[in-house]
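Read the structure below first, then the notes.
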Amino acid sequence: MANFITIGERLSTTAPAVNKAFTERDPEPILARAKQQLDAGAVYLDVNIGPAENDGEDLMKWVVELLQSNFDNVPLALDTSNMKAIEAGISVYNRSKGKPIVNSADAAGRIGYLDLAAANDAICIALCNGEGLAKDNDERMMYCQTLLERGMEHGMDAADIWFDPLFLVVKGMQEKQMEILEAIKMFSDMGLNSTGGLSNNSNGMPKHIRPIMDSAMVAMAMMQGLTSAIVNPNDKRLMETIKSCDVLKNNTLYADSYLEL
């Protein structure tokens, strides 16, 4: 079994300091945040440049080259609604540590992102929703099938499509949580990889509760077969939980020093 893959979420325009650094092409805050996440055990880094309608292509190339030249070709997830920017990022991307991830396609208006990933031999995160959120797992699996068939028609390996059930906020959607876990189990039973924005589930909770809830969720989701997640790697409790689950699932050989590895 392969280790769980963490995708660090902290290089996003939603953070004002990151947005400012992207806009001004200031490398220091970007490199500092990247280093924090990699030191904490992130495997991939998500690079979310937002819509980036004006300068997305230049910006994505700049960030990809900046991060990969400073961190030994760290693998990246390219995250933007600007498809040309993703293509531009892939054009300068070094694959020696892993294929680029395209974040993300869905079964409606964003289905073309799968085609882009297929054309560029990239991994694609496939959101199991359409115009809106799936109302239940029947709908989720219908979207999953649509996305799987589309990717494979374009020559993708099923292993390169990472299905996202969409983690939902517990506050207000508590009754949906078991359904999400069941969907992950369905993906796993089909031999498919899965991922998702794990911290969505703890949105709106007090700061001290979020790591507790996220850790509980990731443990339950890994038990159902979740293979990856977009997370805050600087949440120590969460990362310790993921490493411990990898040991219990026999993905990692136990050693007394396993938390340091």
Side-chain angles (χ1 to χ4, degrees), residues 1-11 33-47 67-68 70-77 79 94-101 103-104 122-126 157-165 167 177-178 180-202 209-261:
M1 291 292 290
N3 278 18
F4 190 80
I5 295 173
T6 48
I7 304 169
E9 69 185 8
R10 300 190 64 239
L11 284 177
R33 276 202 181 216
K35 185 175 189 311
Q36 282 176 346
Q37 295 184 90
L38 293 169
D39 288 350
V43 179
Y44 270 80
L45 296 177
D46 190 69
V47 180
L67 292 169
Q68 289 202 315
N70 279 276
F71 299 108
D72 189 27
N73 298 317
V74 56
L76 304 171
D79 192 349
N94 184 306
R95 297 163 180 266
S96 59
K97 295 293 170 70
K99 291 182 182 184
I101 296 175
N103 191 2
S104 53
I123 292 162
C124 190
I125 293 174
D157 186 326
D160 285 341
I161 309 171
W162 294 6
F163 292 90
D164 182 347
F167 287 93
Q177 302 305 314
M178 287 306 295
I180 298 291
L181 292 166
E182 285 157 13
I184 293 166
K185 175 78 164 61
M186 289 171 170
F187 300 148
S188 181
D189 287 347
M190 292 168 70
L192 301 172
N193 287 321
S194 51
T195 193
L198 186 88
S199 51
N200 283 353
N201 90 102
S202 64
I209 292 181
R210 293 197 70 176
I212 301 169
M213 183 59 76
D214 288 349
S215 296
M217 186 55 150
V218 85
M220 292 180 78
M222 285 178 74
M223 188 62 214
Q224 299 301 320
L226 188 72
T227 53
S228 157
I230 302 163
V231 299
N232 174 8
N234 299 113
D235 176 347
K236 188 165 183 277
R237 182 177 188 141
L238 176 71
M239 295 300 279
E240 287 175 347
T241 302
I242 289 169
K243 287 176 180 179
S244 300
C245 289
D246 264 337
V247 168
L248 293 171
K249 292 190 74 176
N250 206 26
N251 296 342
T252 304
L253 191 63
Y254 176 80
D256 288 346
S257 59
Y258 80 94
L259 290 175
E260 277 76 64
L261 297 176

Original post:
Could you state the interatomic distance from CD (Q177) to CE (M217), rounded to the nearest 0.5 Å?
Top reply: 4.5 Å
Original post:
Is there a donor-acceptor pair under 3.5 Å between the side chain of R95 and the backbone N or O of P100?
Top reply: no
Original post:
How far apart are the closest heavy atoms of N234 and Q37, and which atoms are they?
Top reply: OD1-CG, 3.7 Å
Original post:
Roughly how far, to the nearest 0.5 Å, is CE of M178 from CD1 of I180?
Top reply: 11.0 Å
**OP:** Applying side chain to side chain donor-acceptor pair (under 3.5 Å), name anything that partners D214, two or more places apart in sequence or on another chain.
**Re:** N201, S202
**OP:** Please identify each residue that fulfils ring pair (Phe, Tyr, Trp, His ring centres under 6.0 Å) with Y44, with sequence neighbours left out.
**Re:** none
Original post:
Would you say the side chain of W162 lies within less than 4.5 Å of the side chain of I5, judging by non-hydrogen atoms?
Top reply: yes
Subject >> Flag for D164-S194: side-chain donor and acceptor within less than 3.5 Å >> reply: no
Original post:
Of all heavy-atom pairs between I161 and A126, which one has the smallest distance, and what is that distance?
Top reply: CG2-CB, 3.7 Å
Original post:
Residues in side chain to side chain donor-acceptor pair (under 3.5 Å) with N232, at least two apart?
Top reply: none
**OP:** Using side chain to side chain contact (heavy atoms under 4.5 Å, CB included) as the criterion, point out the one residue from I242, L248, T241, V247 that pairs with C245.
**Re:** T241
Original post:
Between N193 (side chain) and A159 (backbone), is there a donor-acceptor pair under 3.5 Å?
Top reply: yes
Subject >> Residues forming a side chain to side chain contact (heavy atoms under 4.5 Å, CB included) with I209, sequence neighbours excluded >> reply: M205, P206
Original post:
Are any of the side-chain heavy atoms of I125 and I101 separated by less than 4.5 Å?
Top reply: yes
Original post:
Which pairs pass side chain to side chain donor-acceptor pair (under 3.5 Å) with one or both residues in residues 216-228, sequence neighbours excluded?
Top reply: T195-S228
Subject >> Trace of the side-chain contact (heavy atoms from CB on, under 4.5 Å) decision for L226 with F4 >> reply: CA-CA 8 Å; L226 188 72; F4 190 80; 3.9 Å; yes
**OP:** Mind checking side chain to side chain contact (heavy atoms under 4.5 Å, CB included) for S188 and listing every partner two or more places apart, or none if nothing turns up?
**Re:** none
Subject >> L261, CG: over 12 other non-hydrogen atoms inside 6.0 angstrom >> reply: yes
Original post:
Quick one: ring-ring contact (aromatic ring centres under 6.0 Å, His included) pairs with a partner in residues 228-261, sequence neighbours left out?
Top reply: Y254-Y258
Original post:
Excluding sequence neighbours, so at least two apart, what forms side chain to side chain donor-acceptor pair (under 3.5 Å) with D235?
Top reply: none
Original post:
Which pair of heavy atoms, one from D246 and one from M222, lies closest together, and at what distance?
Top reply: OD1-CE, 3.7 Å
**OP:** Can you see which heavy atom on S215 is nearest to which on R237, and at what distance?
**Re:** OG-CG, 3.4 Å
Original post:
Partners of Q36 by side chain to side chain donor-acceptor pair (under 3.5 Å), sequence neighbours excluded?
Top reply: R10
**OP:** Might you point out which heavy atoms bring P165 and A183 nearest each other, and give the distance in Å?
**Re:** CB-CB, 4.2 Å
**OP:** Could I get the full list of side chain to side chain contact (heavy atoms under 4.5 Å, CB included) partners for K97, not counting sequence neighbours?
**Re:** D72, N73, P75
Original post:
How many angstroms lie between CG in D46 and CD1 in I230, if you round to the nearest 0.5 Å?
Top reply: 5.5 Å
Original post:
Side chains of V74 and V43: closer than 4.5 Å at any heavy-atom pair?
Top reply: no
**OP:** Please identify each residue that fulfils ring pair (Phe, Tyr, Trp, His ring centres under 6.0 Å) with F167, with sequence neighbours left out.
**Re:** none
Subject >> Point-to-point distance, once rounded to the nearest 0.5 Å, from OG of S104 to CZ of F163 >> reply: 13.0 Å
Original post:
At what distance, to the nearest 0.5 angstrom, does CG of L238 lie from OG of S199?
Top reply: 9.0 Å
Original post:
Which heavy-atom pair separates I7 from L45 by the least distance, and what is that distance?
Top reply: CG2-C, 4.3 Å
Subject >> side chain to side chain contact (heavy atoms under 4.5 Å, CB included) against A158, all qualifying residues, sequence neighbours excluded >> reply: L148, M152, L192
**OP:** Kindly indicate whether the side chain of M239, heavy atoms from C-beta on, has any atom under 4.5 Å from the side chain of T6.
**Re:** yes
Original post:
Hey, what do you get for CG (N103) to CG (L76), rounding to the nearest 0.5 Å?
Top reply: 12.0 Å
Original post:
What do you reckon, is NZ of K99 surrounded by more than 12 foreign heavy atoms closer than 6.0 Å?
Top reply: yes
